[in-house]
S.K.: 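Can you keep this structure in mind? I'll have questions shortly.
Index from 1, following the sequence. Note that the structure is predicted; figures quoted are calculated from it, not measured.
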Amino acid sequence: MFKYAKLKRRLAVESFIALAAFMLSATLHAGDRAGLASAGDSAKSDSAGFVAAPTESQPNPAAAMPLSSLLLELQQLKETVEGQSARIAKQTEELEAERATIRDELDRIAALEAELQAPRNKSEVFMAFAQPASPGASSSLPTVAGPTVIAVVTAAPAVQPQAPPPAQGSVDRRLGDLERRLKKIGPLSFSGDFRLREDAFFGGPSDRSLDQNLQNYRLRFNVDAQLSDELSGGFTLASGNLNDPTSTNQTLTGFYARKPIALDRVFVQYRPSYFKPLNLVAGKFTYPWYNTELTWDKDLNPEGFGQTLNFAFNSTPVFKRVTFVGFELPFSQIAGVSTGNKSLMQSAVYGGQFQTEWELASWLELTAYAGFYNFHNADPMALALAKAGAKNPATPLIGLLPLAGGGGAVQNSVTTTTATSVVAVNGAPEPTGVTSVVNAQFASKFGLFDSIARFDVKTPSERWPVAIIGDFVQNTEACANVGNILPEPANSLTTVYTRSVNFSCNPSQRRGYWAEAEVGRILQKHDLQFGYTRIFIEREAVLSNLNYNQIYQGSNVTEHRFSVFYTIRSNVILDFIGLFGRPLNFGSSNPPIDSLKRLQFDVNYVF
């Protein structure tokens with residue numbers, strides 16, 4: 001950019017010199033013509049006899065000398081101007097070449113701006129999804145999963161406090177995970193992304209019930225505000241099913257009906273100037289902790305409160321950062337059922353994460369995370385899922401909250417109680433066919449211990465970094481809720497109650513594993529990235545409707561994921577994602593179901 005400005009100044013100076021020379025030449029030439037005209041007039045007057053011509057007025061050879069000198073100077077000036085014109089033409093060509101170079105460098109400048117605006121640890125932090133709202137160190141960073149996220153020009157710097165690398169395993173957040181070039185008006189910053197996807201399914205059950213070919217899109221628009229040095233906030237509007245918290249995809253169906261746009265994120269974040277390691281966030285925000293989609297889907301934005309304490313140790317040789325994250329995330333309220341207490345009972349996730357960063361060598365960094373998520377009173381989620389999936393002839397698919405993640409059906413062990421209306425026909429009870437879900441409870445409580453390690457490797461080529469991520473989760477309270485499941489009520493003359501269990505609960509099926517490797521990056525034009533992820537989740541390891549919703553099902557599943565990303569421009573990315581998975585076959589005498597092949601082709605545009 002400095003070279004471009006210098007060239008412009010040089011062209012301006014030389015053009016001014018040429019113009020001045022031309023004006024001087026024109027002036028002198030006009031003077032010569034005036035002198036010649038005066039001499040001619042004198043001669044005419046003399047010959048006419050009106051004026052006596054003195055002897056001195058006769059032609060003088062010395063009078064021609066200045067004229068010849070001026071003509072020579074004029075010729076020199078003409079040659080100078082022609083030379084200047086040639087140089088200007090050449091410099092114009094150089095200027096066009098510089099402009100082309102500058103255009104090619106714009107992508108890199110955008111990436112550098114992103115790095116300057118978002119403080120980060122030395123690990124490769126690619127902010128996916130311009131979501132500036134998380135709490136604290138990691139609070140403003142979106143959780144990412146899948147092939148490493150794309151470079152992002154995110155929201156205002158103050159909205160992006162010091163943060164650890166984005167979680168891996170979430171393809172979309174990294175892509176959308178981009179979000180990138182910000183348009184700013186005063187304290188407001190605007191960004192967004194749009195994705196088109198072809199989603200094809202092959203295989204799975206022998207009846208081909210899952211074979212399909214879908215087309216969908218995702219649209220997200222972010223507004224972030226830096227309200228003061230300490231206070232920031234913002235909101236995001238996104239497409240998708242209003243009752244699905246784990247996806248912002250909108251399928252092209254519904255007989256061309258209008259598609260909904262909903263509030264996906266709204267938050268306020270506070271970072272006191274007198275104690276900058278502290279960051280507080282409230283509202284609906286991106287994850288304040290680092291995670292993979294083994295436990296949490298990348299499109300899910302939790303609600304509640306988060307606190308982060310982040311301490312960087314840049315001067316120490318190995319140990320670089322330590323961070324403490326806490327969060328309180330309410331998700332439901334239900335009324336008490338006892339005759340003496342009908343007050344509303346809260347369901348919430350309480351937890352925290354401890355993070356450390358280590359520079360093991362100049363080319364190798366390790367970031368380690370240990371967290372715990374306690375789902376307090378999770379049964380209302382089981383009831384909502386059961387009601388959402390209940391088929392009723394009068395009101396089909398009516399329910400509280402259809403959580404469509406993980407294949408759309410809950411995979412954890414759930415006991416469901418239904419009520420069927422009956423009428424007396426000739427004195428005998430006859431079912432009417434109208435049923436309703438009156439209770440549903442998980443067989444497990446969910447206290448998830450989650451440990452993650454991420455290695456970032458610098459290679460001789462900056463275009464080919466390597467990231468290796470491992471995640472292990474264990475439900476410390478698998479099958480711990482069996483003793484709290486209520487019996488079905490007694491039948492009456494008008495209602496018959498039935499209790500069913502979808503799967504038996506085995507406390508040994510409590511673990512989940514996630515291993516991911518990525519090579520390459522998605523920062524500049526023509527960048528490539530390749531990724532592979534191995535996923536293995538036992539039935540009671542996680543809440544199966546809140547984690548990665550693109551796999552065969554949320555738990556009791558084995559899955560392989562392959563991905564390729566290619567950057568056409570800094571804000572246009574093509575990708576291919578292949579998912580190959582099937583249910584686990586523990587305790588079943590039936591042969592395993594064939595793998596379901598899911599092939600996704602995406603075009604991502606960031607604005």
S.K.: Hey, are Glu293 and Lys298 close enough for a salt bridge, meaning a charged N less than 4.0 Å from a carboxylate O?
M.R.: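 A salt bridge links Glu293 with Lys298.
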S.K.: Give a yes or no on whether the backbone of Thr415 and the side-chain of Asn502 come within a donor-acceptor separation of less than 3.5 Å.
M.R.: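 Here the side-chain-to-backbone pair does not exist.
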S.K.: Under the 3.5 angstrom rule, does the side chain of Glu540 hit a backbone N or O of Ser413 as a donor-acceptor pair?
M.R.: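 Answer holds: yes.
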S.K.: Measure up the Phe375 and Phe446 rings against each other and bin them: parallel (under 30°), tilted (30 to 60°), perpendicular (over 60°).
M.R.: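 Because their plane-to-plane angle is over 60°, the rings of Phe375 and Phe446 count as perpendicular.
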S.K.: Return yes if some donor-acceptor pair links the side-chain N/O of Tyr287 with the main-chain N/O of Leu300 below 3.5 Å, else return no.
M.R.: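 Between the backbone of Leu300 and the side chain of Tyr287 there is a qualifying donor-acceptor contact (under 3.5 Å).
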S.K.: Using 30° and 60° as the class limits, which term best fits the ring planes of Trp296 and Tyr373: parallel, tilted or perpendicular?
M.R.: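 Ring orientation of Trp296 relative to Tyr373: perpendicular.
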S.K.: Judged by atom type as modelled, is there a donor-acceptor pair below 3.5 Å linking the side chain of Asp602 to the main-chain atoms of Asp575?
M.R.: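 Pair absent, no side-chain N/O of Asp602 close to backbone of Asp575.
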S.K.: Salt bridge check: are Arg195 and Asp193 linked by an N-O gap of less than 4.0 Å?
M.R.: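 Salt bridge between Arg195 and Asp193, a charged N being under 4.0 Å from a carboxylate O: no.
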S.K.: Checking side-chain polar atoms at under 3.5 Å, does Arg511 have a donor or acceptor matched by the opposite partner on Gln474?
M.R.: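 There is such a pair (donor and acceptor under 3.5 Å, judged by atom type) between the side chains of Arg511 and Gln474.
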S.K.: Would the distance check show the side chain of Thr246 and the main-chain N or O of Asn549 forming a donor-acceptor pair, the cut-off being under 3.5 Å?
M.R.: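 Side chain of Thr246 to backbone of Asn549, a donor-acceptor pair under 3.5 Å: no, none is there.
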S.K.: What's the verdict on side-chain hydrogen bond (donor to acceptor under 3.5 Å, both in side chains) for Gln441 and Asn439, showing C-alpha distance, side-chain angles and the deciding distance?
M.R.: CA-CA 7 Å; Gln441 293 178 265; Asn439 188 40; 3.0 Å; yes
S.K.: Could you walk me through whether Asp264 and Asn301 pass the side-chain hydrogen bond (donor to acceptor under 3.5 Å, both in side chains) check?
M.R.: CA-CA 7 Å; Asp264 189 45; Asn301 288 316; 3.0 Å; yes
S.K.: Does a side-chain N-to-carboxylate-O contact under 4.0 Å join Glu559 and Arg582?
M.R.: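 Here Glu559 does not pair with Arg582 in a salt bridge, since their nearest N and O are not under 4.0 Å apart.
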S.K.: Under a plain distance cut-off of 3.5 Å, with no hydrogens placed, do Glu357 and Thr367 share a side-chain donor-acceptor pair?
M.R.: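 No pair is found: no donor N or O on one side chain lies under 3.5 Å from an acceptor on the other.
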S.K.: Will you find, in the side chains of Ser206 and Arg208, an N or O donor that is under 3.5 Å from an N or O acceptor?
M.R.: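 No.
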S.K.: When you measure from the side chain of Asp471 to the backbone N and O of Asp450, does any donor-acceptor pair fall under 3.5 Å?
M.R.: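 No, because the side chain of Asp471 does not come within donor-acceptor range (under 3.5 Å) of the backbone of Asp450.
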S.K.: Phe324 and Phe354: aromatic ring centres closer than 6.0 Å?
M.R.: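 Centroid distance Phe324-Phe354: below 6.0 Å, so yes.
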S.K.: In the structure I gave you, are the side-chain heavy atoms of Leu596 and Phe201 within less than 4.5 Å of one another anywhere?
M.R.: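 Counting from C-beta outward, Leu596 and Phe201 do come under 4.5 Å.
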S.K.: Should the heavy atoms of other residues, nucleotides or ligands under 6.0 Å from CZ of Arg534 be counted, would the total exceed 12?
M.R.: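 Enclosed.
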S.K.: Where do Ile551 and Ile537 land on the side chain to side chain contact (heavy atoms under 4.5 Å, CB included) test, with the steps shown first?
M.R.: CA-CA 11 Å; Ile551 57 180; Ile537 310 174; 4.2 Å; yes
S.K.: Going through the distances and angles, do Arg561 and Glu516 end up as a side chain to side chain contact (heavy atoms under 4.5 Å, CB included)?
M.R.: CA-CA 9 Å; Arg561 182 179 68 185; Glu516 182 175 356; 3.8 Å; yes
S.K.: Taking the six-membered ring where the residue is Trp, are the ring centres of Tyr513 and Phe472 under 6.0 Å apart?
M.R.: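 Centroid separation for Tyr513 and Phe472: below 6.0 Å.
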S.K.: Kindly state whether the ring of Phe601 and the ring of Phe576 have centres lying under 6.0 angstrom apart.
M.R.: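 Yes, close enough.
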S.K.: Is a side-chain donor or acceptor of Ser239 paired with a backbone partner of Gln250 at a separation under 3.5 angstrom?
M.R.: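 Judged by distance alone, no pair lies under 3.5 Å.
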S.K.: Applying side-chain hydrogen bond (donor to acceptor under 3.5 Å, both in side chains), run through Asn279 and Asn310 and close with a yes or a no.
M.R.: CA-CA 8 Å; Asn279 199 333; Asn310 183 73; over 6 Å; no
S.K.: When you measure from the side chain of Gln353 to the backbone N and O of Tyr290, does any donor-acceptor pair fall under 3.5 Å?
M.R.: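 At least one qualifying donor-acceptor pair exists.
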S.K.: Ignoring hydrogens and angles, tell me if any N or O in the side chain of Ser347 forms a donor-acceptor pair with the backbone of Asn377 under 3.5 Å.
M.R.: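 Checked: pair present.
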S.K.: I'd like to know if Arg220 pairs up with Asp299 as an ion pair, taking the criterion as any Lys NZ or Arg NE/NH1/NH2 lying under 4.0 Å from an Asp or Glu carboxylate oxygen.
M.R.: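 A salt bridge links Arg220 with Asp299.
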S.K.: Between the main-chain N or O of Ser544 and the side-chain N or O of Ser555, is there a donor-acceptor pair closer than 3.5 Å?
M.R.: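 Such a contact is absent between Ser555 side chain and Ser544 backbone.
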S.K.: Should Val542 and Asn412 count as side-chain neighbours, where that means a heavy-atom distance under 4.5 Å?
M.R.: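 Not in contact.
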S.K.: Using the six-membered ring of Phe580, assess whether NZ or CZ of Arg598 lies under 6.0 Å from its centre and within 45 degrees of the ring axis.
M.R.: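 No.
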